[in-house]
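What's counted below: heavy atoms across the whole structure, side chains too, no hydrogens, waters or symmetry copies. Just so we're on the same page: letters track the sequence lines, and every chain starts at 1.
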Number of protein chains: 2
Amino acid sequence: MQPTANPYHHGDLKAALVAAATRLIEEGGPSSLSLRGVARAVKVSHAAPYRHFRNKRALLEAVAIEGFRDLGKALDTVIAQSPDDPRRQMIDAGAIYVREAIDNAQRAQLMFGGLLQRDDPSPALQDAAEAAFSRCIGIIRRGQRQGVFRPGSSKGLVMAYWAASHGLAMLLINDGFGIRSLEESPEALWRLVADNLLAGLLAPPT
Amino acid sequence: MQPTANPYHHGDLKAALVAAATRLIEEGGPSSLSLRGVARAVKVSHAAPYRHFRNKRALLEAVAIEGFRDLGKALDTVIAQSPDDPRRQMIDAGAIYVREAIDNAQRAQLMFGGLLQRDDPSPALQDAAEAAFSRCIGIIRRGQRQGVFRPGSSKGLVMAYWAASHGLAMLLINDGFGIRSLEESPEALWRLVADNLLAGLLAPPT
DNA sequence: ACCTGAACACCGTTCAAGT
DNA sequence: ACCTGAACACCGTTCAAGT
């Protein structure tokens, strides 16, 4: 037993609060999280969190920021796996985007769901989100340089890619419109979307 | 003055509650809505709503269902405007999807945001959502019959179309990743996405 | 049938006080 | 510096009681 036997009293209460909040959110959704509940979970008084977070929202932001960092790392890993194949990167990055959202569905809800994004943009959160997104831009740009994707302004390509992967992820975690009644795995559904996005919806002009 | 001067006492308290809830949600977001606040807004005791809604969630569902009906009607209008041009229908329907979401951003958050979708699917809500979605399927199918869209199973085309429009709408209402810093109007951004979706991201094989 | 008022067990947040 | 306990103004929900 150290002089500071209780880990929550020598500096990592902050980390413990974020960890507990992340777990509780995954159990009951972001809107069911109570600051008092988090305090109870780490066995601390209900006022203690205020030493480390200005308010409940600040704690939620810390959870979301961690989520964006995790997403960015997952994207980096996947991109590094096929350094010279932008088409493969595009498909794999979208798949991991969808997979990350499903594996941490409630946290993804918090990250993308408007609970935080709406009011004050909170620079730190905004930065973490944009950093994750910047990977998608890189994939498209490299693919254009290699002649894999259509040349010209990358903006439209990036937007379409981004909207499609984000949209599928959101639909899957919300079970929107009964999408889960389709029997395919998330990965198979993303392949379906990605293939159509790559090839286009229009019939070839024969 | 009728014998029942107060409109909330002769049968339309239910409708008044839904209307007030819709307004309050648009002002402060779905998570800030309090049932007591709604009751105050229609000048009724805080227990009165329980005569008409089992709980707070049931009231939120009623608001969301109304939203899906509005969306369905808007899609019908747009589809009817170009009865013989599926390509035009596809573009216009996506634009109206995005526009409806932006014009009722907080209600859209409620409709798509997982606050309701997650736990119990609630058949009535699920049906309203699927009815709105079925319009997209119709557009793609008609386009395939006319040879405008690529033939074969419509599933992949529908999923890509749906994910892209839904994804762009969600990104816009959440200002995700600073998408609003782009200067284009929502309609222009959708056109960018739609054009790339129609033509495909891949470079033509020369 | 429809609404009210009190009551209960929760919240988020603040603040004096303890170590 | 870091945490506690009481306090305040809110919630959602229930229930006896009123008309």
**Complementary nucleotide of C:dC8, counting Watson-Crick and G-U pairs under 3.5 Å** = D:dG12
**Request:** With a 3.5 angstrom cut-off on both distances, give the Watson-Crick or G-U wobble partner of C:dC2, or none if there isn't one.
**Result:** D:dG18
It should be established whether [X] places a side-chain nitrogen or oxygen under 4.0 Å from OP1 or OP2 of nucleotide [N].
X: A:Arg36; N: D:dG5; result: no
X: A:Ser34; N: C:dC11; result: yes
X: B:His52; N: C:dC3; result: yes

Measure the distance from [atom1] on [X] to [atom2] on [N] and round it to the nearest whole Å.
X: B:Leu33; N: D:dC11; atom1: CG; atom2: P; result: 10 Å
X: B:Tyr50; N: C:dA1; atom1: OH; atom2: P; result: 22 Å
X: B:Lys14; N: C:dC2; atom1: NZ; atom2: C1'; result: 14 Å
X: A:Arg54; N: C:dG12; atom1: CZ; atom2: P; result: 16 Å
X: B:Arg40; N: C:dC3; atom1: CZ; atom2: C1'; result: 17 Å
X: B:Arg51; N: D:dT14; atom1: CZ; atom2: C1'; result: 11 Å
X: B:Phe53; N: C:dC2; atom1: CZ; atom2: C1'; result: 15 Å
X: A:Arg57; N: C:dT13; atom1: CZ; atom2: C1'; result: 16 Å

**Asked** Does a side-chain N-to-carboxylate-O contact under 4.0 Å join A:Arg107 and A:Glu26?
**Response** no
**Message:** Over 60° means perpendicular and under 30° means parallel, so tell me whether A:His166 and A:Phe112 are parallel, tilted or perpendicular.
**Reply:** perpendicular
Minimum-distance nucleotide (side-chain atoms of [X] versus [options]):
X: B:Leu35; options: D:dC3, C:dT13, D:dG12; value: D:dG12
X: A:Ala48; options: C:dT14, D:dT14, D:dC3; value: D:dC3
X: B:His46; options: C:dT4, C:dA6, D:dT4; value: C:dA6

**Asked** Are A:Ser122 and A:Leu116 close enough that some pair of their side-chain heavy atoms sits under 4.5 Å apart?
**Response** no
**Asked** For the side chain to side chain contact (heavy atoms under 4.5 Å, CB included) test, which of B:Ile25, B:Leu24, B:Val18 pairs with B:Thr22?
**Response** B:Val18
**Request:** Decide whether B:Asp85 and B:Gln146 meet the rule of one side-chain donor and one side-chain acceptor closer than 3.5 Å.
**Result:** no
